[in-house]
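So the structure is just underneath, and the comments pick up after that.
Keep in mind that the numbers below use all heavy atoms, side chains included, and drop hydrogens, waters and symmetry copies. Protein chains get the first letters and strands the later ones, always in sequence-line order, with residue 1 at the start of each.
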Amino acid sequence: MPELPEVETTRRGIEPAVVGRAVTRVVVRDPRLRWRVPAALTKELPGRVIGAVARRGKYLLLHTATGAVILHLGMSGSLRVVRCSDPPGKYDHVDIALDSGDCLRLRDPRRFGAVLWTRDHARHRLLARLGVEPLGPEFTGDYLFRATRGRRRAIRDFLLDGSVVAGIGNIYANEALFAAGIRPTRRAGRLDRDQCLRLARAIRATLKKAIQAGGTTLRDFRNGRGEPGRFQRALRVYGRGGEACRACGRPIRALRLGQRSAFFCPRCQQ
DNA sequence: CTCCGATCCTGATGGC
DNA sequence: TGCCATCAGGATCGGA
């Protein structure tokens, strides 16, 4: 269930093996992902050279001269570089074989991920409506302040809205809110300018630290080389309901916000 | 426009 | 051990 840091970790992990290589073959063992894997991928990608591996929100892009592969890892997806001769497992649905003998392999048990082909990624419907990059220059406290005006939903849910800020998921929304001292249930529009500034800073700092730690592995996340992340040790509220707050010792509270769990410290977060 | 719930799918976990 | 319910890192879609 990769969020921005896990996707960025994946991007960095696969980049050296992929950039400058030509695709020799695409094998789709099961096309039934979030959207059906298009025949155009198998048809148009072989022979193309991958010029760059980019990330936009939680999407990965493999750029070629004639189009781009759009990848999303959904809830359970992982992307690894393996040898083409390695036998695929039950959930290894898509292989992109390279002229080096390596193979970019998508594993995704729940099949919420996506592999798409586009000739014009800038216009693609999934990418076009994405909000700003939280680690980019446009994401400031002022942006967050303006974006939250008039919004009545809980700030935790607001942060999960990819059309505002792209790439924040449930773990990092909760962690950043703890770091900013704001309760996840607080209505977005009720944050003042200073709190938005603190929250934007907390989001950037949390995501950067998580990337440095190679992401968070709660269950099945693996980087491009199959290794788990290390940020789970640094989590301060996520998944810690009932445990002592690392700052003040009070028990962390868990609650359900919408369909998903939220965690906060009743003392450190107002 | 904004918000919320349902939905896709499989596996892990915990209660009985 | 088995069965069942619940939960999981996403995000799109449809309807209120």
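- One atom, CG of Asp108(A), and another, P of dG10(C), lie 13 Å apart when rounded to the nearest Å.
- Applying the Watson-Crick and G-U wobble criteria (two distances, each under 3.5 Å), dG9(C) pairs with nothing in any strand.
- Using a 4.0 Å heavy-atom cutoff across all strands shown, Ser261(A) reaches sugar-phosphate atoms only and no base atom.
- One can place CZ of Arg151(A) at 5 Å from P of dT2(B), the figure rounded to the nearest angstrom.
- Along DNA chain C, the nucleotide nearest to Arg219(A) and the one nearest to Arg34(A) differ in position, and the one closer to the 5' end is contacted by Arg219(A).
- In this structure, Phe112(A) does not pack face-to-face on the six-membered ring of dC9(B), missing the 5.5 Å centre cutoff or the 30° plane limit.
- Glu15(A) has a carboxylate O that lies under 4.0 Å from a charged side-chain N of Arg11(A), or vice versa, which qualifies the two as a salt bridge.
- Regarding Arg260(A), its CZ atom lies at a distance of 12 Å from the C1' atom of dC7(C), rounded to whole Å.
- In this structure, His93(A) atom NE2 and dC9(B) atom P are separated by 12 Å, rounded to whole Å.
- Heavy atoms from other residues, nucleotides or ligands lying under 6.0 Å from CZ of Arg123(A) number 12 at most.
- Residue contacts shown for Phe221(A) include a base, since a base heavy atom lies under 4.0 Å away.
- Between the CZ atom of Arg36(A) and the C1' atom of dT12(C) there is a distance of 19 Å, rounded to whole Å.
- Here Ile171(A) lies in heavy-atom contact (under 4.0 Å) with sugar-phosphate atoms only.
- Taking atom CD of residue Gln259(A) and atom P of nucleotide dG10(C), one finds them 14 Å apart after rounding to whole Å.
- Checking dC9(B) for Watson-Crick or G-U wobble geometry (two distances, each under 3.5 Å) identifies no partner in any strand.
- Relative orientation of the Phe231(A) and Tyr172(A) rings is tilted, given thresholds of 30° and 60° on the angle between their planes.
- For Leu160(A) and dT2(B), the CG to C1' distance is 16 Å, given to the nearest whole Å.
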